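See structure below.
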Amino acid sequence: MAPRPYNLIAELSYRCPLRCPYCSNPLDWAETRDSLDTDAWCRVMREASALGVLHVGLTGGEPSVRSDLEDIVAAAAGAQLFTHLVTAGLPLDEDRLEALARVGLRSVQLSIQDALPEASDHIAGTTSFERKLAIARKTRALGLPLVVNVVLHRHNLGRVRELIALARELDAERIELANTQYHGWALLNRDALLPSREQLAAASAIVQEEQSRPGLEILWVLPDYFGDRPKPCMGGWGNKNIVVAPDGLVLPCQAARSLPGLEFYDVSSHGLEACWADAPGMNAYRGEDWMPEPCRSCDRRGQDFGGCRCQAFALTGDATRTDPACALSPDHDVIAKLRDGDHSGVPLRHRSATRN
Amino acid sequence: MSPASGVNAPLSPDALSAALRAIGEERYHHRHPFNERMHEGLLSRRALQTWVANRYYYQTRIPIKDGMILTKSPDASFRREWVQRIHDHDGQREGEGGLELWLRLAEAVGLERSEVEAFELVVPGARRACDEYVAFVGGHDLLESVAASLTELFAGFIMHTRIAAFEKHYAWVKPGGLDYFQSRTVQAPKDSKYGLEYVLEHARSREDQQRCLAALRKKCDILWSFLDAVDRATARPVLASHALVRDEPDGSRVVVLSERAVRIGGSGNEILELCDGTRTGMDVAGARVAAHPGEGSVADEVHDFLEEMGKAGALRFEPEAPE
């Protein structure tokens with residue numbers, strides 16, 4: 001029997017006014033159309049709630065590019081889901097945020113690219129920093145909790161203290177300092193994003209010091225490639241989190257579409273329960289039966305679930321192998337080579353701006 | 001690079017002193033919302049009483065902590081100096097000393113001496129904070145223990161603020177109640193001067209200095225969490241406006257928040273229903289005790305639940321206004 005999903009990640013559209021070079025959307029994001037209409041998304045919300053989902057993250061791309069976001073939020077709220085908006089802060093504006101709060105939005109996660117306006121705008125590939133601050137302030141003025149999310153990399157790791165100070169100033173409940181995970185565009189830009197060991201150590205010391213202060217909750221997502229154990233990716237494949245992509249495909253994570261040979265179902269042709277419980281791709285790496293050694297006999301298999309399938313595929317060409325981020329993986333040397341090379345001067349490539 | 005330069009070089013005494021004071025400026029409890037409200041005259045009578053009663057538990061731990069510090073020093077002159085703190089607290093005879101003055105404060109704010117001495121109003125979070133301080137001194141060396149006491153550097157100043165605030169805003173407190181604060185305006189600067197000189201002299205390596213800074217940070221955090229607990233007990237808990245309460249098929253309930261969901265069982269449900277904005281944390285505990293007479297842990301269960309739910313962001317705490 002499939003486990004109960006607790007969290008729905010609703011990718012409403014891959015369109016986004018930002019062009020961050022570490023975007024986790026697929027490289028060919030523009031091929032994935034926004035094929036679910038308002039009614040289809042509203043149905044997904046009701047079916048998710050019936051499956052046991054408690055919480056929905058409305059994300060993208062940028063969810064506020066959809067003109068029916070209010071209807072989708074209202075449907076999610078009506079289905080007794082906690083509705084959480086994951087936004088870049090635009091094209092959302094203050095009036096629209098207020099309208100969303102009125103129909104049942106409960107919290108906002110806002111991405112900020114850097115603590116310096118010009119650096120943030122440079123990474124975002126568009127002028128956006130001041131808009132983001134306005135959305136943050138409006139969020140708090142509406143009494144909604146604010147989560148600030150920052151993807152960290154070589155170019156902004158030196159400013160974690162300023163980022164934390166900014167989150168405190170904005171009265172955020174929590175800041176997520178998420179070192180880049182190398183999927184999608186981030187994988188393409190890996191050599192231009194990878195930090196140095198010294199940068200990480202310095203940032204990590206600052207985070208530890210700040211974490212001991214009261215108030216703001218600070219989440220530090222350890223960087224890929226620098227640890228010796230893999231991340232418990234998505235809390236396990238098809239275990240807690242259910243992703244619905246803009247075209248209606250139901251996935252165990254935002255990147256699983258990149259894995260070859262897996263069949264997933266689509267909410268346009270199947271009920272959400274069948275997409276979650278019965279799709280062959282959803283069951284491919286569920287539980288522990290698929291695990292190779294060294295995972296199969298490892299004490300930590302119930303904690304980190306063998307790590308990330310997409311990373312295993314990206315680095316070894318075989319999604320069934322142990323995540324090379326694990327020091328116990330026979331492929332771990334791949335990580336060391338990628339990490340320790342000289343990457344200075346590698347240029348960033350922004351995400352493509354428009355549909356093809 | 002020579003050993004005396006770079007990131008591992010020790011701080012000069014002036015720089016270390018400044019770093020210690022910067023910690024106090026940033027995170028000493030003069031900045032805690034409860035203290036800010038106290039000093040602005042915004043505490044209800046009950047809130048002030050609860051603070052006095054809880055703080056008495058802290059006062060009783062201080063001579064125990066100082067006794068532990070004495071056992072760490074082989075130096076007679078240090079012990080001669082430090083033992084004075086125990087005399088200050090306990091007095092030379094019955095009816096003297098800081099603890100006695102605190103009990104007079106308790107009476108002046110309208111509490112019974114016996115209920116305060118029996119710690120009847122002490123909430124578990126406040127007790128844990130005080131015990132954590134004693135345990136810290138038990139588990140750390142003399143230098144760190146002295147460094148942790150340096151919150152006294154900032155105590156003299158807060159005492160002056162407090163005396164002025166009491167005289168201005170809490171005129172109902174009976175005369176003589178402020179003698180403890182008066183006594184500390186003299187003792188705290190003297191004690192902290194000795195403690196600071198000790199740390200500046202003995203924390204010679206960068207590593208020792210870092211340990212001292214960390215000890216002072218820890219102590220500030222302990223004082224802070226003590227006030228958090230008093231704050232929760234004296235304010236009125238209500239469900240956070242963004243929290244979603246949902247019934248589960250198995251009859252339990254979950255409170256869903258932006259980054260987590262908290263499952264609550266039978267007693268949690270009953271406690272949550274009492275958190276309707278009319279009762280303080282102490283009132284909620286009182287209502288539960290009245291409904292479950294003879295069950296010893298009911299009040300503690302309420303305070304622990306309020307703490308857990310408060311930390312998860314499921315409850316917010318509305319201060320009770322002065323009468």
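Predicted model, so just to flag it, every value in this text is computed and none were measured. All chains are named by letter (A, B, ...) in the order of the sequence lines, taking the proteins before the strands, and each is independently numbered beginning at 1.
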Check your understanding: For residues 73-90 of chain A, which residue pairs qualify under salt bridge (charged side-chain N to carboxylate O under 4.0 Å, His left out), counting only residues two or more places apart or in two chains?
Key -> none
Check your understanding: Among Leu105(A), Leu144(A), Leu81(A), which has the most heavy-atom pairs under 4.5 Å with chain B?
Key -> Leu81(A)
Check your understanding: Excluding sequence neighbours, so at least two apart, what forms side chain to side chain contact (heavy atoms under 4.5 Å, CB included) with Cys16(A)?
Key -> Leu18(A), Glu62(A), Arg351(A)
Between chain A and chain B: donor-acceptor pairs at under 3.5 Å:
| unit_1 | atom_1 | unit_2 | atom_2 | d |
| --- | --- | --- | --- | --- |
| Arg4(A) | NH1 | Glu248(B) | OE1 | 2.7 |
| Arg4(A) | NH2 | Glu248(B) | OE1 | 3.2 |
| Arg4(A) | NH2 | Glu248(B) | OE2 | 3.0 |
| Ser49(A) | OG | Arg246(B) | NH1 | 3.3 |
| Val53(A) | O | Arg246(B) | NH1 | 2.9 |
| Val53(A) | O | Arg246(B) | NH2 | 3.4 |
| His55(A) | NE2 | Ser258(B) | O | 2.8 |
| Gln80(A) | O | Arg246(B) | NH1 | 2.9 |
| Arg106(A) | NH1 | His242(B) | O | 3.1 |
| Arg106(A) | NH1 | Ala243(B) | O | 2.9 |
| Glu173(A) | OE2 | Ser258(B) | OG | 3.4 |
| Ser212(A) | O | Arg27(B) | NH1 | 3.3 |
| Ser212(A) | OG | Arg27(B) | NH1 | 3.3 |
| Ser212(A) | OG | Arg27(B) | NH2 | 3.3 |
| Glu217(A) | OE1 | Arg260(B) | NH2 | 3.1 |
| Glu217(A) | OE2 | Arg260(B) | NH2 | 3.1 |

Review point. Between Leu244(B) and Leu54(A), what is the shortest heavy-atom contact and its length?
Key: CD2-O, 4.2 Å
**Study point:** Residues that Pro5(A) engages under side chain to side chain contact (heavy atoms under 4.5 Å, CB included), provided they are two or more places apart
**Key:** Leu51(A), Val53(A), Ile242(A), Trp276(A)
Check your understanding: For Val245(B), is it the side chain, the backbone, both, or neither that has a heavy atom closer than 4.5 Å to a heavy atom of chain A?
Key -> backbone
Exercise for review: Identify which part of Ala243(B) has an atom lying under 4.5 Å from any heavy atom of chain A, answering side chain, backbone, both or neither.
Suggested key: backbone
